[in-house]
Amino acid sequence: MNTVLIIDDEAKIRSLLSRIISLEGFEVFEAGNLKSGLKRLEISNIDIVLCDVKLPDGSGVDFSKTVKDQFPGVEIILLTAFGNIPDGVMAIKNGAFDYITKGDDNTKILPLLYKAAEKVALNKRVLQLEKQLDNKQSFKSIIGKSVEITNAVSSAQKVAVTDATVLLTGETGTGKEVFAQAIHHASNRSKKNFIAVNCSAFGKELLENELFGHKAGAFTGALKDSKGIFEEANLGTVFLDEIGEMPLDLQAKLLRVLESGEFLKVGDSKPTKTDVRIIAATNRNLETEIETGNFREDLYYRINIFTIKLPSLRERVADIESLAGFFLKTFSHKMGKNISSFSDDYLKALKNHQWKGNIRELRNVIERSVILTDSSELSTDSLPVDILAKQEHTEFSQNKMMSAFSMASAERMQIQKILKHTNGNKAEAARLLEIGIATLYRKIEEYSIS
């Protein structure tokens, strides 16, 4: 139900409007002046304000700006006894939804209220989507409470508010682009573009054109000037994923961007200026790449200002259940299934797996399990063969380890302990063990005790 606040100093008009609007299903509040109207806005969840232009304590036209500044989601419709164009223009400029004349335009009030209600609903939906997008792109989207991931997030939050170049390292699938988006979102560049490019996805010529753009006539088919990523992302952030795959001559052009804030488009002789923050990522050891001549040392030191190593899933086993739960909820909703839990064996198998593909691999495994499962719980039946084989091997190893606690093993450990205590004095050891000396010698030989 939408709520409407009527502000008018004439009680009869307020009462009449209130009855009419209430019959249409709106919840109505009343105020006799701007001061009490503003107080009502502060304590109640008002959607639409129906306000007289001339009130004892001020102008409804000026009040429109106050309302929109303090309550941007509220729509305000102004009513006036004597309409004039300058007031109407100023009212709209101040954010009023509409400006109508009392008496002549009474038939317009209800249709306007419905239109205003539609706009309020749209505003709420937009705010909800923006909030979801914010959560998706912020550090809130990073799941896990292990020490390893908490430390990585803490470092990223500290560097996010600066303009420093960031290098994200770690295995494939550890969430480097998620971290890059979160850093951008928390920076003072968050309102500008975030553009990601995978340096391993293009050949040299295509990557150069993608990054720096080209001038018309630079090559066959270049009919007009084209902007590259560094121009499109001006004042924003460029995320260079798999930077270790970038060809050496393009590394030189990237170094120029970092050092001077300018670059040459393909086919151009005049440099183009840009102001971007660079976040780079790699799963390679760049120091090794420098030694083999595949990466420029001077570029390495330019991008290695602040490095964050993202932990593999093997290093943060404690987070596997939380991540799996998130993916389960996501895919169950997407596929219209009511799957809400894992069997104990299923979770055990997830935690014992090596996850060479890290979070990306875990996501794929959960999606596959949801597709195959018709019950309310994911079981090991839905796991890929390689994970099941690993689980069986682990259980076999654990059973083998349990044999260490057999009677024979316990006896061997006890004899070793006593011999150590007696400094190898077998007679004293036999006495303490309450066995004959011949029995002790036999046990020493049987258990190969030295």
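If you're wondering where the values come from, they're calculated on a predicted model, not measured in any experiment. Just so you know, these numbers use all the heavy atoms, side chains as well, and skip hydrogens, waters and symmetry mates. Sequence positions, counted from 1, serve as the residue numbers for this chain.
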Checking L167, L254, D163 against I278 for side chain to side chain contact (heavy atoms under 4.5 Å, CB included), the one that qualifies is L254
Name the one of N188, N193, D275 that satisfies side chain to side chain contact (heavy atoms under 4.5 Å, CB included) with L235? D275
Locate the shortest heavy-atom distance separating [X] from [Y]; write the atom from each residue and the value.
| X | Y | result |
| --- | --- | --- |
| L440 | A429 | CD2-CB, 4.0 Å |
| G37 | L5 | O-CD2, 3.5 Å |
| S187 | A160 | CB-O, 3.2 Å |
| V120 | D47 | CG2-O, 3.5 Å |
| A152 | L310 | CB-CD2, 4.2 Å |
| V166 | L168 | CG1-CD2, 3.9 Å |

How would you list, by chain and number, every residue that makes a salt bridge (Lys or Arg N to Asp or Glu O under 4.0 Å) with [X], sequence neighbours excluded?
| X | answer |
| --- | --- |
| K443 | E411 |
| D98 | none |
| K351 | E321 |

Residue [X] excluded, over 12 heavy atoms near [atom1] under 6.0 Å:
| X | atom1 | value |
| --- | --- | --- |
| K204 | NZ | yes |
| F29 | CZ | yes |
| K329 | NZ | no |

Expected output: side-chain [X] to main-chain [Y] donor-acceptor under 3.5 Å:
| X | Y | answer |
| --- | --- | --- |
| D268 | K270 | yes |
| K337 | I371 | yes |
| K215 | K265 | no |
| S64 | G60 | yes |
| D225 | A216 | yes |
| T422 | L419 | yes |
| S154 | T150 | no |
| Q251 | M246 | yes |
| S332 | I339 | yes |
| D241 | A196 | no |

Output all residues satisfying side-chain hydrogen bond (donor to acceptor under 3.5 Å, both in side chains) with R314, sequence neighbours left out; order by chain, then residue number. E171
How would you list, by chain and number, every residue that makes a side-chain hydrogen bond (donor to acceptor under 3.5 Å, both in side chains) with T292, sequence neighbours excluded? N294
Modelled atom types, side-chain donor and acceptor of E315 and S312, under 3.5 Å: yes
Please check if any side-chain donor atom of S146 sits under 3.5 Å from a side-chain acceptor atom of D319, or the reverse. yes
Does some side-chain heavy atom of [Y] sit less than 4.5 Å from a side-chain heavy atom of [X]?
| X | Y | answer |
| --- | --- | --- |
| I143 | I149 | no |
| E210 | L206 | no |
| I183 | F139 | yes |
| R316 | I359 | yes |
| L240 | L211 | yes |
| V365 | W355 | yes |
| S155 | K158 | no |
| E42 | F71 | yes |

Apply the test side-chain contact (heavy atoms from CB on, under 4.5 Å) to residues L38 and Q70: give CA-CA distance (whole Å), side-chain angles for both, the deciding distance (0.1 Å), then the verdict. CA-CA 10 Å; L38 191 58; Q70 295 185 32; 4.1 Å; yes
Drop me the distance from [X]'s [atom1] to [Y]'s [atom2], to the nearest 0.5 angstrom.
| X | Y | atom1 | atom2 | result |
| --- | --- | --- | --- | --- |
| L378 | I366 | CG | CD1 | 6.0 Å |
| E428 | K426 | CD | NZ | 13.0 Å |
| S382 | D374 | OG | CG | 10.5 Å |
| Y99 | I77 | OH | CD1 | 14.0 Å |
| L323 | R363 | CG | CZ | 12.0 Å |
| R296 | R302 | CZ | CZ | 12.5 Å |

Candidate pair K68 and E75, rule salt bridge (Lys or Arg N to Asp or Glu O under 4.0 Å), full reasoning: CA-CA 8 Å; K68 296 304 287 185; E75 296 303 327; 3.6 Å; yes
Mind running side chain to side chain donor-acceptor pair (under 3.5 Å) on N358 and T174 for me, showing each step along the way? CA-CA 6 Å; N358 291 291; T174 49; 5.6 Å; no
Can F230 and I195 be said to form a side-chain contact (heavy atoms from CB on, under 4.5 Å), step by step? CA-CA 9 Å; F230 281 110; I195 303 180; over 6 Å; no
Salt bridge check, D344 against K348: does any charged N sit closer than 4.0 Å to a carboxylate O? no
Is the positively charged end of K253 above the ring of F212, judged by distance under 6.0 angstrom from the centroid and angle within 45° of the axis? yes
Do any pairs count as a ring pair (Phe, Tyr, Trp, His ring centres under 6.0 Å) and have a residue in residues 289-318, sequence neighbours left out, and if so which ones? none
Evaluate the criterion ring-ring contact (aromatic ring centres under 6.0 Å, His included) for residue pair Y114 and F26; output intermediate values, then yes/no. CA-CA 10 Å; Y114 282 114; F26 292 92; 5.5 Å; yes
Residues H421, L432; criterion side-chain contact (heavy atoms from CB on, under 4.5 Å); working and verdict: CA-CA 10 Å; H421 174 71; L432 292 173; 3.9 Å; yes
Check the angle between the aromatic planes of H214 and F219 and answer parallel, tilted or perpendicular using the 30° and 60° thresholds. perpendicular
For F342 and Y346, take the angle between the two ring planes, folded into 0 to 90°, and tell me which bin it lands in: parallel under 30, tilted 30 to 60, perpendicular over 60. parallel
In sequence, state the C-alpha distance, the side-chain angles, and the governing distance for L328 and S369, and then conclude on side-chain contact (heavy atoms from CB on, under 4.5 Å). CA-CA 9 Å; L328 173 60; S369 290; over 6 Å; no
